[in-house]
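Worksheet for the structure shown next.
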Amino acid sequence: MSRPAGREPRRLTRWWRRRSLRSRLTVIAATAIAVSVFVAFQVASELMDWELRDTAKNQLRADSRVLATDARRAGLAQVQLPPYPGAGRLVRVILPDGSTRTPAGQPALPPVSEDAGRVAQGASADLMESNDSEEGYLVYTLRAGDGAVQVAQVADDTPINRFGFGMLLIGLFCMVGGALVGRTVARTGLAPIDRLTAAAVRVAHTRDLDADIPDEGGGEIRRLIRSINDMLAALRDSRRAQRLLAEDAAHELKTPLTSLRLNVELLIRLDRRGTLDSALPAEGRTRLLNDLGAQVAELSTLAAELTDLARGDVSDESTEVLDLADVVVAAATRARSRVPDIEVALDVTSVWVSGRPAALERAVLNLIDNAGKWSPADQPVQVRLRAEGASVVLEVDDAGPGIDAADVPRVFDRFYRADSARALPGSGLGLSIVQRVVDAHGGRATVARSARGGALLRVDLPSAAPPAPIARLTTGEDTAAR
């Protein structure tokens, strides 16, 4: 059974891919030198053969002219033909009747060819031809008198063979030398990569991300080392962020969990003693249960925000072109349903952005929730949305006490809560999530003091062109009535 035609090339490809880069460079260097030597040998052999044949032809022409001169002077039948000395050129005289004369003791030449016969008959002046017999004669025929003379020489390939054997030895030497040089060059050139590999293996085994790889070499090696060092720096930052997140989460969870545990332990202890009704009157039980419900709600909110923040990305939802006014209205509706006492005043226009709807709605909801904590009961949270040049501007302000200048730089830090906000519910993660969502959408979040004396939180996002069917809508259309 014959093997498939494509199996061997695939097997050779797999074998080649399994070789190390050093081995590949060695094989490539040796192969390149071998091909170069082979091409040089072919070219040199052809040139040498051409030169030897040209020299032999010139010599045959010169000898033929001398013999032809003697034949014209003495006649073809009487011209003197010295005995063959045992080596050298061969001669032959072609008489008018087609017969031939050769020196005594000379080896027999191949029969006179038809073309040589036509030269003897006067059809042409001379002829150079190569005989394909075993001896391989090179024969020159020259018209002389009523016939012709021929001078021949055995085509000697010995110089070519000797030259080829020498080139073979030189080629083998060059291949071995090329392989050694290629391996040395590969070892020297790949030494930085070997050290880089060893450093990467050490980092993988020790999990020590603080040891940067020394910057050495140049060009591609230096760029590779710098890229890996940048990756290690990013991993260090990620590990540090995870550690801070875990530490901050443990700190923030400790307080509500402690309060919840104490209240539950109090209820269990009183219930075991059978003094629950006497020790806690109805009013006290109601207050305690309300505290438990608030603590559970705070833990649920904190867990949800921690999960949202630890995901590292805004979400898995796809980006789409959307009307941000719809997102703001939906977030305001959710805020009212969660805290019925909050009042939200909308002043929004239809503006379009490219983003993730759920993430943007969560960010707007966090802004409204944050403002609702500070706004007095008779003062609504004002939400304004408008287009401003190539940006979309969302502003949320309240009539609260505002943010102290010392707290402004850390407003968007995770778990950060101003001293004045310690008594209020919350985890300190809401505005951090806002910052992350805005950054992911290529925007910017800032804080300032509003005209009403409270905090003004502003979000700038890049605007997008509305979808084609909606392009006829007026930019300033008021959506507050929705």
Side-chain angles (χ1 to χ4, degrees), residues 34 37-175:
V37 171
F38 176 77
V39 172
F41 166 70
Q42 291 295 327
V43 173
S45 297
E46 291 296 329
L47 291 175
M48 186 175 181
D49 182 63
W50 178 83
E51 184 66 25
L52 291 176
R53 285 182 176 273
D54 189 63
T55 302
K57 289 177 181 178
N58 291 334
Q59 186 63 44
L60 290 178
R61 289 190 183 97
D63 294 342
S64 297
R65 284 193 291 268
V66 172
L67 182 58
T69 301
D70 294 341
R72 292 190 192 96
R73 185 181 300 117
L76 293 174
Q78 289 78 27
V79 64
Q80 190 70 25
L81 298 177
Y84 180 68
R89 64 186 179 89
L90 308 175
V91 297
R92 181 167 58 185
V93 175
I94 304 177
L95 299 175
D97 60 0
S99 61
T100 61
R101 292 180 57 210
T102 58
Q106 177 179 283
L109 286 171
V112 178
S113 65
E114 293 182 3
D115 293 335
R118 283 193 290 270
V119 173
Q121 296 171 6
S124 59
D126 62 351
L127 172 68
M128 181 71 71
E129 57 185 341
S130 297
N131 184 267
D132 295 331
S133 65
E134 185 177 349
E135 293 293 335
Y137 288 102
L138 186 63
V139 182
Y140 181 71
T141 306
L142 179 64
R143 172 75 175 171
D146 294 335
V149 295
Q150 287 186 323
V151 180
Q153 179 179 326
V154 177
D156 188 7
D157 293 332
T158 303
I160 300 296
N161 294 334
R162 290 176 180 174
F163 176 75
F165 182 72
M167 289 294 293
L168 176 62
L169 294 179
I170 294 174
L172 292 176
F173 175 77
C174 290
M175 283 184 61

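Please read these numbers as outputs of a predicted model, since none were measured by experiment.
Taking the side chain as every heavy atom from C-beta outward, Gln106 and Val91 approach each other to under 4.5 Å. Leu81 is listed as a side-chain neighbour of Leu67, based on a closest heavy-atom distance under 4.5 Å. Side-chain atoms of Val112 and Ile94, non-hydrogen and from C-beta on, do get closer than 4.5 Å to each other.
Of the inter-residue distances, the one linking Leu90 atom CG with Leu60 atom CG reads 9.5 Å to the nearest 0.5 angstrom.
Considering only residues two or more places apart in sequence or on other chains, Arg65 meets the salt bridge (charged side-chain N to carboxylate O under 4.0 Å, His left out) condition with none of them. Remark: Asp126 engages no residue in a salt bridge (charged side-chain N to carboxylate O under 4.0 Å, His left out) (not counting sequence neighbours). Judged as a side-chain hydrogen bond (donor to acceptor under 3.5 Å, both in side chains), and not counting sequence neighbours, the contacts of Thr141 are Gln150. The side chain to side chain contact (heavy atoms under 4.5 Å, CB included) test applied to Ser124 returns Val119, not counting sequence neighbours. Taking the side-chain hydrogen bond (donor to acceptor under 3.5 Å, both in side chains) definition, one finds that Thr69 meets it with nothing, sequence neighbours left out. Residues satisfying the side-chain hydrogen bond (donor to acceptor under 3.5 Å, both in side chains) test with Asp115, not counting sequence neighbours, are Arg118. Contacts of Arg61 classified as side-chain hydrogen bond (donor to acceptor under 3.5 Å, both in side chains), with partners at least two apart in sequence or in another chain: Asn58.
Sorted by first then second residue, the salt bridge (Lys or Arg N to Asp or Glu O under 4.0 Å) pairs that include residues 73-83, not counting sequence neighbours, are Asp70-Arg73. Here salt bridge (Lys or Arg N to Asp or Glu O under 4.0 Å) pairs that include residues 88-105, with residues two or more places apart or in two chains, are Asp63-Arg89. Residue pairs satisfying the side chain to side chain donor-acceptor pair (under 3.5 Å) criterion with at least one member in residues 75-86, sequence neighbours excluded, are absent.
Contact detail for Ala116 and Glu129: the closest heavy-atom pair is CB-OE2, 3.9 Å. Shortest non-hydrogen contact noted between Asp146 and Pro96 is CB-CG, 3.4 Å. Of all heavy-atom pairs between Ala144 and Val149, the closest is CB-CG1, 4.1 Å.
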| said: Pair Val139, Leu109 - check side-chain contact (heavy atoms from CB on, under 4.5 Å), show working. | reply: CA-CA 9 Å; Val139 182; Leu109 286 171; 5.5 Å; no

